[in-house]
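Ligands are counted one by one from 1 in listed order, and the atoms in each one are counted from 1 as well.
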Amino acid sequence: MSDDSLPAPAPARTAAVIPAAGRGVRLGPGAPKALRTLGGTPMLIHAVRALAASRAVSLVVVVAPPEGTAEVKSLLDAHALPERTDFLVVPGGDTRQESVRLGLQALPPQYDIVLVHDAARPLVPVDTVDTVIEAVRDGAPAVVPALPLADTVKEVAPAVEPGAPEPVVATLQRARLRAVQTPQGFDRATLVSAHETVTEDVTDDASMVEQLGLTVVVVPGHEEAFKVTRPLDLVLAEAVIARRRLNDGF
Ligand code: C5P
């Protein structure tokens, strides 16, 4: 049989895992961060919609606080979400890494590409999501969206005593640094093997793939994909939503 007569391979299917089980203590007291509202809608719903806006994403797995799983399920039921997308809610773990691992375990077998997206980045534009997916489809085992830095970054040593100024030990070359965002995109088998192999604490999934010795590539991130971490970020997020509503003619 010639190659021409073989059916074209099925396109890779993409699922998104959204870890949303953190308390978000840096935002101050109140509801778990993912359930706080922005423009009247919970941050988590913004994040879910942002990922489901990509036509390539056919499943979104939300990893919820274990005691809040039922609440998150009813939240998803109560908000309009695209019909072409399936949704699953699973309970999370003690660390972000554990929460992602639990999300991965819930994925049905037919998904070859996995995006991992922080619920705390509710406003990522769909073009950024699609750029990440495209780079994984093109063969990269791991892809991160990232931006150049505005600030100079210095490495410090611990202060000699609590409250004393920290001594600077190095100034990193800013032009070569990138601030990494999410969604991060992965070949599914690569991410599963990274989660099975790397046990120490990490702050993003791509660094686990780096530890496997594989190449992680960077695609352009977006300033609206910022992470809502501190109280001022809430003000910025509200402003972005207000601008979008104005532009969309709401
Ligand atoms: O704490 P940080 O801002 O890095 O959290 C990033 C994301 O990981 C958030 O969306 C948070 O809800 C999630 N997370 C989680 N399970 C944890 C801790 C954090 O899903 N145990």
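Counting only non-hydrogen atoms, the option in K227, K33, R121, H117 that gets closest to atom 4 (O) of ligand 1 is K227.
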Dump the intermediate steps for salt bridge (Lys or Arg N to Asp or Glu O under 4.0 Å) on D118 and R121, then the final yes or no. CA-CA 6 Å; D118 288 335; R121 297 183 190 271; 3.8 Å; yes

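Using a 4.0 Å cut-off to heavy atoms of A119, the atoms of ligand 1 that qualify are 10 (O). When each atom of ligand 1 is checked for a heavy atom of A120 under 4.0 Å away, the hits are 10 (O). Remark: ligand 1 atoms within the under-4.0 Å shell around heavy atoms of S99 are 15 (C), 16 (N), 17 (C), 20 (O), 21 (N).
Applying the salt bridge (Lys or Arg N to Asp or Glu O under 4.0 Å) definition to pairs two or more places apart or across chains, those involving residues 193-212 are R96-D205. Residue pairs satisfying the side-chain hydrogen bond (donor to acceptor under 3.5 Å, both in side chains) criterion with at least one member in residues 45-55, sequence neighbours excluded, are listed as follows: S54-D130.
Taking distance alone, with nitrogen or oxygen atoms compared against 3.5 Å, V63 stays at or beyond that limit from ligand 1.
For the pair R243 and E224, the salt-bridge criterion is met [side-chain N within less than 4.0 Å of a carboxylate O].
Heavy atoms of P19 found under 4.0 angstrom from ligand 1 belong to the backbone as well as the side chain.
Using a non-hydrogen distance threshold of 4.0 Å, G93 registers as a contact of ligand 1. Taking a 4.0 Å cut-off on heavy atoms, D94 registers as neighbouring ligand 1. Under a 4.0 Å heavy-atom criterion, A20 is in contact with ligand 1.
Under the 4.5 Å side-chain criterion, counting only non-hydrogen atoms from C-beta, L115 is in contact with T14. Considering only heavy atoms from C-beta on, V48 comes within 4.5 Å of L76 through its side chain.
There is no side-chain donor-acceptor pair under 3.5 Å between H222 and T128.
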